[in-house]
Amino acid sequence: MASTPRIRFRRQVRNFALIWAGITFIMGAVTFIAIYMAYGSLTNTASGASLRNVAIPTGTTVAALAVVPTSTPQPTQAPVTTTPASVAQAETATSAPTATLLPVENKRFQLGVQVQVNYDHMDQWMQVSSDLNVRWVKQQIRWEDIEKEQGTYDWYETDTYLTAAAAQGLEVLVSVVTAPEWSREQGVDLAQHGPPANPQDYADFVAALLRRYPGKIHAIEVWNEQNLDREWTSTNGLSAANYVELLHATYQTVKSIDPGVIVISGALSPTGVSDGVHAWDDFVYMDQMIDAGLLNYTDCVGAHHNGINVSPEYTYDTIPNDPTAIFRGPYDNPHHSWSFRSTLQTYASKISLKGGDQKLCVTEFGWPSAEGLDGIPDGFDFAKDNTLAEQSDYTVKALD
């Protein structure tokens, strides 16, 4: 029979748990009501279709809402809650910890930034990402720089990057690009980037990454803008079917090592050009990838869009004329490639029409601004039209 002090202790713990549960329920209800009032019902009353992507409300702390996924399930921890030691011990004895979601299982809207800077200061940049409560970071990993000779690796950059990200508890997306010369096709133009002759060589490199950094890589984007010849120079040309072969081999390899890692298809470039030699229009190439089996080998469909000098709420055919604009493309030559909204909506529609349930992973987007700069790179004249205030405004609108 339990002693009187133990009974009193259990009663105290039970009462604390009931009070804590009540407070949690009330706060949860208030939070839900606040989100509901800000955004309306999560059901589209016109079509009856549930919204699948809801942006985190402006002004809400991301860390307080986001479930932080990890390849190794760990106890869930509230960002700022502290628990008395005696209660923590009692709860440990009476209940199992709640596992966090694996990256691939977390379907919530999440934010990230690309961190591609001097590796000697990487820990400082990771600290900035952490301070902003942006929980995902992206790095482009250049295969040709790490495995210059088959089977021989120089891991300095990834050691620096992934160690710094792990120290801040950040989730990491790596975009793996640029095959080394030893892996390329015979007779191909090596002056431009392109795929390996054998897709499994790429998959093997990705496997080496995952094995060296278990639990530190949470998503992998397989290649980058493969609808451009400068990214995918191959003796077979700009072949979507060949790309899907690379994706297929990589998907199977990743899932055999760590099924929780998100596999993202290489994001396309909205080109506005479709000659099949130098570029494919992204809508055309997306159709070709889907027909080749894309949706069987990806957890998330990659997307890119440089917003040019157009606010993100406009579809390409509703962009109002701006007579002050220096760059005239979106106004004088309407095309879907100018529009952030048209690009993402059409990708989502193509996926849905083919029976896919994948979401979009927007791995690059933004609005360059030349304000305060002496010069800009060639091809970025449209940056002269964007003020820093517009850059901020467009980014927030895009996230919403």
Side-chain angles (χ1 to χ4, degrees), residues 139-154 174-210 220-256 263-298 300-304 306 337 347 350 354 363-364 378-379:
Q139 180 195 27
Q140 191 173 84
I141 291 180
R142 302 177 75 82
W143 176 21
E144 65 178 352
D145 292 340
I146 295 177
E147 192 182 5
K148 294 180 180 179
E149 297 181 8
Q150 188 172 14
T152 301
Y153 305 96
D154 178 358
V174 296
S175 177
V176 183
V177 297
T178 64
E181 289 188 7
W182 62 261
S183 71
R184 299 286 298 277
E185 300 156 319
Q186 291 292 322
V188 75
D189 179 6
L190 296 177
Q192 298 209 94
H193 299 307
N198 180 2
Q200 192 59 46
D201 286 337
Y202 177 94
D204 289 345
F205 174 72
V206 171
L209 275 172
L210 291 176
I220 295 173
E221 184 176 19
V222 181
W223 216 260
N224 174 74
E225 297 186 349
Q226 60 272 13
N227 61 321
L228 300 177
D229 67 335
R230 70 168 182 262
E231 300 281 355
W232 189 273
T233 294
S234 166
T235 56
N236 295 314
L238 293 174
S239 169
N242 286 353
Y243 169 74
V244 172
E245 290 179 6
L246 181 77
L247 179 65
H248 182 187
T250 309
Y251 181 87
Q252 289 187 318
T253 297
V254 170
K255 297 305 178 182
S256 70
V263 176
I264 304 170
S265 61
L268 305 181
S269 173
T271 65
V273 177
S274 200
D275 60 16
V277 177
H278 300 293
W280 277 112
D281 178 274
D282 55 317
F283 285 8
V284 174
Y285 195 93
M286 180 66 73
D287 287 337
Q288 294 174 355
M289 289 196 301
I290 292 174
D291 289 343
L294 169 75
L295 301 180
N296 296 319
Y297 312 120
T298 189
C300 194
V301 175
H304 284 176
N306 186 326
S337 60
Y347 287 178
K350 289 178 180 295
K354 291 294 185 177
T363 57
E364 288 182 18
D378 291 340

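None of the values given here were measured: they were computed from a predicted structure.
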Verdict with reasoning, T271 to Y285, per side chain to side chain contact (heavy atoms under 4.5 Å, CB included): CA-CA 11 Å; T271 65; Y285 195 93; over 6 Å; no
Out of curiosity, [X] [atom1] to [Y] [atom2], how far, rounded to the nearest 0.5 Å?
X	Y	atom1	atom2	answer
K148	E181	NZ	CD	10.5 Å
Q200	T250	CD	OG1	7.5 Å
H193	L228	NE2	CG	12.0 Å
H248	L294	NE2	CG	12.5 Å
E231	L238	CD	CG	11.0 Å
K350	D282	NZ	CG	9.0 Å

[X]: what forms a ring-ring contact (aromatic ring centres under 6.0 Å, His included) with it, not counting sequence neighbours?
X	value
Y251	none
H304	none
Y202	W143, W223

Non-neighbouring partners of D189 that pass salt bridge (Lys or Arg N to Asp or Glu O under 4.0 Å), sequence neighbours left out: none
Those residues that, when tested against R142, pass salt bridge (Lys or Arg N to Asp or Glu O under 4.0 Å) (two or more places apart): E144, D145
4.5 Å side-chain heavy-atom contact, [X] and [Y]:
X	Y	value
Y243	S265	yes
Q226	L246	no
M286	M289	yes
V177	E221	no
Y297	V222	no
V273	H278	no
E225	N227	yes

Partner of V174 by side chain to side chain contact (heavy atoms under 4.5 Å, CB included), out of I141, I264, L210, V206: I141
Nearest atoms (heavy-atom pairs only) where [X] meets [Y]:
X	Y	result
P195	A179	C-CB, 3.9 Å
E149	W182	C-NE1, 3.8 Å
T298	V263	OG1-O, 3.2 Å

Side chain to side chain contact (heavy atoms under 4.5 Å, CB included) evaluation trace for L295 with V301: CA-CA 8 Å; L295 301 180; V301 175; 4.2 Å; yes
Stepwise side chain to side chain contact (heavy atoms under 4.5 Å, CB included) check, T363 with S175: CA-CA 9 Å; T363 57; S175 177; over 6 Å; no
Side chain of [X], backbone of [Y]: donor and acceptor closer than 3.5 Å?
X	Y	value
Q192	T233	no
E147	F205	no
T253	A249	yes
D275	A279	yes

All side chain to side chain contact (heavy atoms under 4.5 Å, CB included) counterparts of V284, not counting sequence neighbours: S274, W280, D281, Q288
Worked verdict on N306 versus E364 for side chain to side chain contact (heavy atoms under 4.5 Å, CB included): CA-CA 8 Å; N306 186 326; E364 288 182 18; over 6 Å; no
